[in-house]
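The structure under discussion appears below in the form of structure tokens.
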Amino acid sequence: MFQLDLPKRTTKVRNEGITHVLDKGLGLNAVDDLISSAAQYIDILKLGWGTSYITQNLSEKIQRYRDADIDVCLGGTIFECAYVQNKVEDLKSWMKDLGLTFVEVSDGSVSIPMKEKLKYVELFAKDFKVLSEIGSKDAEVVVAPFKWVEEIKNTLKAGAYKIVTEGRESGTVGVFRNSGEIRKGLIEEILASTDISNIVFEAPQKAQQVWFIKEFGSNVNLGNIAYDEVISLETIRLGLRGDTVVDFVQKEK
Amino acid sequence: MFQLDLPKRTTKVRNEGITHVLDKGLGLNAVDDLISSAAQYIDILKLGWGTSYITQNLSEKIQRYRDADIDVCLGGTIFECAYVQNKVEDLKSWMKDLGLTFVEVSDGSVSIPMKEKLKYVELFAKDFKVLSEIGSKDAEVVVAPFKWVEEIKNTLKAGAYKIVTEGRESGTVGVFRNSGEIRKGLIEEILASTDISNIVFEAPQKAQQVWFIKEFGSNVNLGNIAYDEVISLETIRLGLRGDTVVDFVQKEK
Amino acid sequence: MFQLDLPKRTTKVRNEGITHVLDKGLGLNAVDDLISSAAQYIDILKLGWGTSYITQNLSEKIQRYRDADIDVCLGGTIFECAYVQNKVEDLKSWMKDLGLTFVEVSDGSVSIPMKEKLKYVELFAKDFKVLSEIGSKDAEVVVAPFKWVEEIKNTLKAGAYKIVTEGRESGTVGVFRNSGEIRKGLIEEILASTDISNIVFEAPQKAQQVWFIKEFGSNVNLGNIAYDEVISLETIRLGLRGDTVVDFVQKEK
């Protein structure tokens, strides 16, 4: 029997070591593929930004994810759209009708006063697990570390389940510079005042995933993972890809 | 009920607001996924360059697209191959046998005298809707704006249904610089003498799609969209993705 | 009948003109798509790095590839993991149980003394066709050409079926510079002492594929091809994509 000594991974339902995956309009054959090859490595599935509003297979898709014990949430942008059009209550009802148990609250594209954003975190926390996204989608907007820290503290106090640090699909904003490089000082400051299990780092680029895993271990929470990178990410967590073999597999020798 | 106020989109059969999608060899499960999640957002499906000549599932694939009211055409490169081997008539017969109603005429890879190209546009226009592609696939070849304008005028006069501006799968030639940046002056000159509904802009990169939509509105014709970006593009057109929320959703508030 | 004069391609079982494809965790619907649209263009399918160890559909996936006459091998990284944990015999048994006929031996991520690596090539060559990968996955490690030449000679003598030159999924190491640019001098030196049919060049980027095909013809062995680029690659080999039309199709005129 071929069995390698690998780092211990948490199992579902995970509080740490979460993989949060981006679905930007997958069809059902692709969803079935994702589930049958990798369901146990996926904790939260995000139907990116407003894609849920227009994909034609929505209910069936959500059902399949839920049947595979994968939590589903809508992207924060749909919340922001509802917010600017004063339709958050309608959105909330729709999410309940869809059977969702997670919600993402964000202000990456529109301005929401901090007090209001926290009010929505509190409101949603009564019915959903709240992922609260922090950081702008605008590459021009660079928020100072102390503001991140303060917002994270207040958001957790308001009842958020996890903080998601903005990275977009591209990995070039928020905790990343435009080049995709990691703002390490910012992350250090964040973690000085918060337990790392409270944070899901959006890290769509492989080099970013590798950095977080080398720095914080196999069970760091990572988000905005492309659906066809889920198995790759799991191999990086376990030392089964070149980038982390020396860190996690060779040291066992 | 959750219903956002969104920009008005044209519906099928569209003359404006066309989305033209690139299929570079999809299998039937992926085709079914594309159709069931996004058929209403796809107007024209291009079987890229010469892929149609070698994919093993061609007839069945074309049938499925047609059953979903998606027009199919072959990439212009196959026309160019037929041209240099004096087999355009054979190509035409083959396209009829396949049940195609669209054709793409281009000279992006081989030299075709303008008069001859226009002759082929005229010839095909008797049996097909003609997409005539303008601009070179060669990044070294930069065509002057007045030549674009003249060619567009003559091509429409010859009976072309739409002009397609070359961008390749990469978005780095034609109306784009090698970096992917948009040649805005060129586009301005083109639109000074032609109605925008006559043009399909190939715009494979997201930043390019965002630029065209912000500049010319939700119903600009866009082409060479990757099959897994169709729903994303539709959200950008509607203001449901971060890049255009402020333009199309917030202003309704 | 529409029939172009195209360059002659070898057919299966190929010794030259091999296309070696990377599967990094595909589900079965995607595998079926790949097989039904492109099986005849795929010679060897690599289950990248250690993905085989954790994908949940492994046996069925391998079976489907084998039924389509596609040889399957595991990525070299899983061999390296077994090596550093002294479990190469267990790995070998597992590969036999899986019905594999190919194996990849590499040292891209961990250090293996040349003599030992050659010993493993010899050992595996008794039961498998051995692909021996040469070159580091580390972009910082630049191996001198004469060392490549020596290693290739010794590895073939030890019984390797083909040499695979490292390129990674990204195409930025081994025979490529960090930018993806090709180390032409290195390739020239390699080919001065080895027949090109002995080498599979990993060439994941399109520009790299185009370069090898223009330089060495339609039947150069190419590896680490993304599953959704298989048909594109075949069109490049045949002159059916813009990049090589002039080389392979126009000259027939």
Side-chain angles (χ1 to χ4, degrees), chain A residues 1-7 9 11-12 19 21 26-42 64 68-70 180 205-207 209-210 214 218 225-253, chain C residues 22-33 47-58 60-61 74-98 106-111 133 136-139 166 168-170 173 226-228:
Chain A
M1 202 183 151
F2 179 55
Q3 194 127 24
L4 293 164
D5 294 323
L6 300 176
R9 278 282 283 138
T11 54
K12 282 190 174 184
T19 294
V21 175
L26 292 180
L28 297 176
N29 289 319
V31 169
D32 287 344
D33 270 1
L34 186 57
I35 288 171
S36 63
S37 63
Q40 70 195 62
Y41 313 125
I42 306 171
R64 294 200 191 182
D69 292 322
I70 296 170
Q205 297 182 14
K206 195 192 79 165
Q209 297 160 14
V210 169
K214 278 176 176 277
S218 298
I225 305 303
Y227 84 97
D228 55 356
E229 297 291 338
V230 171
I231 285 180
S232 165
L233 172 61
E234 193 65 24
T235 60
I236 296 169
R237 290 183 184 280
L238 291 170
L240 294 170
R241 190 162 187 180
D243 313 84
T244 54
V245 168
V246 172
D247 306 87
F248 297 130
V249 176
Q250 184 159 29
K251 67 175 187 185
E252 310 276 335
K253 199 177 181 176
Chain C
L22 177 65
D23 171 338
K24 53 183 188 172
L26 292 179
L28 297 176
N29 289 320
V31 169
D32 287 344
D33 270 0
L47 304 172
W49 54 97
T51 57
S52 57
Y53 194 81
I54 63 161
T55 48
Q56 293 169 39
N57 55 7
L58 189 65
E60 200 170 344
K61 176 147 81 170
L74 309 186
T77 301
I78 197 84
F79 160 76
E80 298 181 47
C81 290
Y83 169 77
V84 295
Q85 296 195 354
N86 297 315
K87 293 172 181 168
V88 175
E89 275 303 323
D90 291 353
L91 172 62
K92 201 176 138 197
S93 304
W94 186 51
M95 293 193 306
K96 282 189 174 177
D97 290 349
L98 289 171
S106 63
D107 60 345
S109 305
V110 308
S111 282
E133 195 166 51
S136 175
K137 285 192 197 300
D138 187 338
E166 174 72 79
R168 299 207 76 174
E169 187 191 356
S170 54
V173 297
Y227 83 98
D228 55 356

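Keep in mind it's a predicted model, so treat the numbers as computed, not measured. Lettering of chains follows the sequences in order, A, B, ..., and the numbering in each one begins at 1.
- The side-chain contact (heavy atoms from CB on, under 4.5 Å) search around Thr19(A) returns Arg9(A), Val21(A), Asp43(A), Ile225(A), Leu233(A), Arg237(A), not counting sequence neighbours.
- No other option in Thr51(C), Leu91(C), Leu28(C), Ile54(C) has as many heavy-atom pairs under 4.5 Å with chain A as Ile54(C).
- Considering CG of Leu6(A) and CZ of Phe248(A), their distance stands at 10.5 Å, rounded to 0.5 Å.
- The part of Leu238(A) that comes within reach of chain C is its side chain, from C-beta onward, which places non-hydrogen atoms under 4.5 angstrom from that chain.
- Between Glu80(C) and Ser106(C), the side chains place a donor N or O and an acceptor N or O closer than 3.5 Å (distance only, hydrogens not considered).
- For the set Lys87(C), Arg168(C), Gln56(C), the entry with the most heavy-atom pairs within less than 4.5 Å of chain A is Gln56(C).
- Here Thr77(C) is the residue among Thr77(C), Asp33(C), Val31(C) with the most heavy-atom pairs under 4.5 Å with chain A.
- Interface residue Thr55(C): backbone and side-chain heavy atoms are both found under 4.5 Å from chain A.
- Residue contact with chain C, scored on non-hydrogen atoms closer than 4.5 Å, involves the side chain of Glu229(A) exclusively.
- Per-residue heavy-atom pair counts under 4.5 Å with chain A were compared for Gly48(C), Cys81(C), Ala82(C), and the maximum is reached by Cys81(C).
- Using a 4.5 Å heavy-atom cutoff, the side chains of Trp49(C) and Lys24(C) are in contact.
- Looking at Asp243(A), both its backbone and its side chain come within 4.5 Å of chain C, counting heavy atoms on both sides.
- We find the OG-CZ distance between Ser93(C) and Phe2(A) to be 10.5 Å, quoted to the nearest 0.5 Å.
- For Asp97(C), there are no side-chain contact (heavy atoms from CB on, under 4.5 Å) partners at least two apart in sequence or on another chain.
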